[in-house]
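First comes the structure, then the notes that go with it.
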Amino acid sequence: MNFWYTSIFEIFLIALVTGAVVPTTDDVDEQGLYRKSDQVEILTNKNFEKKLYGQNNALLVQFYNSYCGHCRAFSPKYKALASDIARWKKVIKLAVIDCFVEENSEICRQFEVMAYPSIRYFHENYMKSNSNVGEKMNIADTAERLKNQLIIKLQAEQSMGRLIIAPSFKIESYTSYASALQSVPGDIDYIFLVFENDNSTIGSQIALDVVDYKKVRVKRVYENSELAQVAGVKKIPSVVALENNLQATLLTPKQPTAQNILEEIDRFLKSKNYVFPPKYANMNDISDSSQQRTFVPTSDVAYYNDLEKTLKASLHTEITRHKTLTGEPLQALLDYLDVIKTSFPFRANLGEYIMDLHATLAARNSWTGGEVYDLVKRLETAHEPVYITNLEYVGCKGSEPKYRGYTCGLWTLFHTLTVNAAQKPGSEGPKVLKAMHGYVKNFFGCTECASHFQAMAARNRIFDVKENNKAVLWLWISHNEVNLRLAGDVTEDPEHPKIQFPSATKCPECRLAQGAWNLVAVYDYLQKMYGANNIKDVRRAQVSSASSTFSNLDIGMLSLLSTT
């Protein structure tokens, strides 16, 4: 069991990096955190414009980063929303785009996506323009709140003259059933009157739920209108089924929720031998055994494959997501490249490439993300071969594609940098911590995670660390603090539980009585694992031993490490 790779700081909530390359076809069945069976449109650089611009329906697009822990935690809510509003596709569709897929990164940069996940609303017939980047929507904490927020948005859109294809969301007053029928086309057989207040979203939701029902119409009616008294409405919301012959039936669900009301409507229509449209497929039952991976666990070993794949991903997708790089973000990039230049265990032409990239970026005080991406690609070609592995994760490979990957690789990268910096004169180790802080703050795609890390770094006094060996141990202690807190979290890889590293099995000499740490032994263990001469370049992982039990983490040691 090689848990050391399973989480990275607070920010680095469990990895999901598919490393997928967009196929030659316009559509893909799966990418990042989503499949088509999740009832969402999967957008890529090949189909984005076709599916976004000039459509009759509105589009709600989630821009996300597949390794971002917050995105990972949010995805079930977005999937639940997509399933819940599958009936609304004529009016609005849900879509997703993985900004960590390199081919998609230019789109995310153009749409100025700087936080993940980000949700943008695009109205129907949306036109392409440099300033048209959609309307930002809040990230709600439940699928139900997301849905209510979306309904309110659709109601507002219709009030501005849009959403012509949608059913009417207008709420009105009527004095009689006949007056309620006056504006209804003659080919409508059943009208469902939803009595509610103006702030309710239930009537609009029911109208969207039955938007594909032929010869059926839903109308919102004020709860205090005269018709409410005529209908004998006693509680709000209430629903009356009105036939075109003015025969009215008060429907009485046990609880007046939207779902219960819809079921009552369907039950009423069934009693009238109504012919329903084809039912929406239950995509939750779809499984794809071809997506299952055979997992080979690894031992506590750092792999060059993981370092190279992570470094390339950071330069291709993380750094370049900025529309403009100047000021603090540019300096953070230069600091990041500087510590890599100094402390990375280079092979092939990677060192020359990094030095050239650093020097070129330092020559200007402002770059666009697109310019940086083009520079990265051009210098890779100029210095070939830059990468010598197959750029597939080995030690950081998760038991499923949704686990570990990139964030595990970042964790491995920064540990490798602090350990190798400690072998150099001066204070190179603290420089690595500073560069790590700048990288996370300015480039790490999970915004919420980055905020958590900055808070932890401040609490653990990251900038007070002045010595190389203490930088190594600071990073180890902070990582273990996060492991302790996130053990059992939904984002945890079940094959790689977050225990306190190193385990008693792997390093018995690292533990003293009552589970206290032997810092000297821990430091030696980290040197052996991440030292330049010990990085492995292999294609397969080794079988690991069983998990050890958790030990107590002495956070108080941070005070010792931060003293000069």
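For the pair V101 and T44, the minimum side-chain heavy-atom distance is 4.5 Å or more. In this structure, the side chains of S176 and V230 stay at 4.5 Å or more apart for every pair of heavy atoms. With contacts defined as side-chain heavy-atom distances shorter than 4.5 Å, the pair F195/V239 does not qualify. No side-chain heavy atom of V218 sits less than 4.5 Å from a side-chain heavy atom of P167. Side-chain atoms of L242 and F192, non-hydrogen and from C-beta on, never get closer than 4.5 Å to each other.
Taking a cutoff of 4.0 Å between a charged side-chain nitrogen and a carboxylate oxygen, E135 and K153 qualify as a salt bridge. By the 4.0 Å N-to-carboxylate-O rule, E328 lies close enough to K441 to be salt-bridged with it. A salt bridge links D27 with K51: at least one charged nitrogen is closer than 4.0 Å to a carboxylate oxygen. Salt-bridge formation is detected for the pair R145/D141: a Lys NZ or Arg NE/NH1/NH2 atom is positioned less than 4.0 Å from an Asp or Glu carboxylate oxygen. One finds no salt bridge joining R35 and D29 here, because no Lys/Arg side-chain nitrogen approaches an Asp/Glu carboxylate oxygen to under 4.0 Å.
Within a 6.0 Å radius of CE in M127, no more than 12 heavy atoms belonging to other residues, nucleotides or ligands are found. The local environment of NZ in K50 is crowded, with over 12 non-hydrogen atoms from other residues, nucleotides or ligands closer than 6.0 Å.
Listed by chain and number, the residues in a salt bridge (Lys or Arg N to Asp or Glu O under 4.0 Å) with K272 are E243 (sequence neighbours excluded). In terms of the ring-ring contact (aromatic ring centres under 6.0 Å, His included) criterion, residue partners of Y64 (sequence neighbours excluded) are, by chain and number, Y34.
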Quiz item: Hey, mind stepping through S204 and Q155 against side-chain hydrogen bond (donor to acceptor under 3.5 Å, both in side chains) and telling me if it holds?
Solution: CA-CA 8 Å; S204 297; Q155 289 176 164; 2.6 Å; yes

Exercise. Begin with the C-alpha distance, continue with both residues' side-chain angles, and end with the deciding distance and a verdict on side-chain contact (heavy atoms from CB on, under 4.5 Å) for Y213 and L269.
Key: CA-CA 10 Å; Y213 287 20; L269 291 173; 3.8 Å; yes

Self-check item: Test side-chain contact (heavy atoms from CB on, under 4.5 Å) applied to D84 and K147, step by step
Solution: CA-CA 9 Å; D84 198 17; K147 182 169 65 176; 2.6 Å; yes

Self-check item: Verdict with reasoning, D374 to W367, per side-chain contact (heavy atoms from CB on, under 4.5 Å)
Solution: CA-CA 11 Å; D374 291 341; W367 295 80; over 6 Å; no

Quiz item: Passes side-chain hydrogen bond (donor to acceptor under 3.5 Å, both in side chains), K219 versus S183? Steps please.
Solution: CA-CA 11 Å; K219 301 193 77 171; S183 60; 2.9 Å; yes

Exercise. Could you go through the ring-ring contact (aromatic ring centres under 6.0 Å, His included) check for F444 and Y67 one step at a time?
Key: CA-CA 10 Å; F444 192 74; Y67 73 75; 4.9 Å; yes

Quiz item: Should L60 and I119 be marked as a side-chain contact (heavy atoms from CB on, under 4.5 Å) after you check the CA-CA gap, both sets of side-chain angles, and the distance that decides it?
Solution: CA-CA 7 Å; L60 192 69; I119 296 180; 3.5 Å; yes

Quiz item: Taking it one step at a time, do K93 and Q55 satisfy side-chain hydrogen bond (donor to acceptor under 3.5 Å, both in side chains)?
Solution: CA-CA 10 Å; K93 295 180 180 179; Q55 300 298 308; 5.7 Å; no

Exercise. With ring-ring contact (aromatic ring centres under 6.0 Å, His included) as the test, would you mind laying out the steps for F100 and Y406 before giving the verdict?
Key: CA-CA 10 Å; F100 193 62; Y406 177 68; 4.7 Å; yes

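The line from CG of N245 to OH of Y177 is 12.5 Å long, rounded to the nearest 0.5 Å. From I139, atom CD1 reaches atom CD of Q149 across 8.0 Å, with rounding to the nearest 0.5 Å. Taking CD from E124 and CG from N56, the interatomic distance works out to 8.0 Å, rounded to the nearest 0.5 Å.
Counted by atom type alone, K323 and Q110 present zero donor-acceptor pairs between their side chains at under 3.5 Å. Side-chain contact, T317 with E102: no donor N or O sits under 3.5 Å from an acceptor N or O. The closest side-chain donor-acceptor pair between T201 and N148 falls under 3.5 angstrom. Counting only N and O atoms by type, the side chains of T257 and N260 include a donor and acceptor under 3.5 Å apart. For N305 and N390, the side-chain atoms include at least one donor-acceptor pair closer than 3.5 Å. With 3.5 Å as the limit, one finds a donor-acceptor pair spanning the side chains of D209 and W88.
In this structure, S200 contributes its side chain and N197 its backbone to no donor-acceptor pair below 3.5 Å. Within the 3.5 Å criterion, the main-chain N or O of G395 finds a donor-acceptor partner in the side chain of D306. A donor-acceptor pair under 3.5 Å links the side-chain atoms of R120 to the main chain of F111, judged by distance alone. Y53 places no side-chain N or O within 3.5 Å of a backbone atom of F48 that could act as its donor or acceptor partner.
Using the six-membered ring where Trp is involved, Y274 and F276 have ring planes that are perpendicular, over 60° apart on the 30 and 60° scheme. A tilted orientation is assigned to the rings of F443 and Y439, their planes being inclined by 30° to 60°.
Within the structure, every pair that satisfies the salt bridge (charged side-chain N to carboxylate O under 4.0 Å, His left out) test and touches residues 177-199, not counting sequence neighbours, is listed here: E196-R220.
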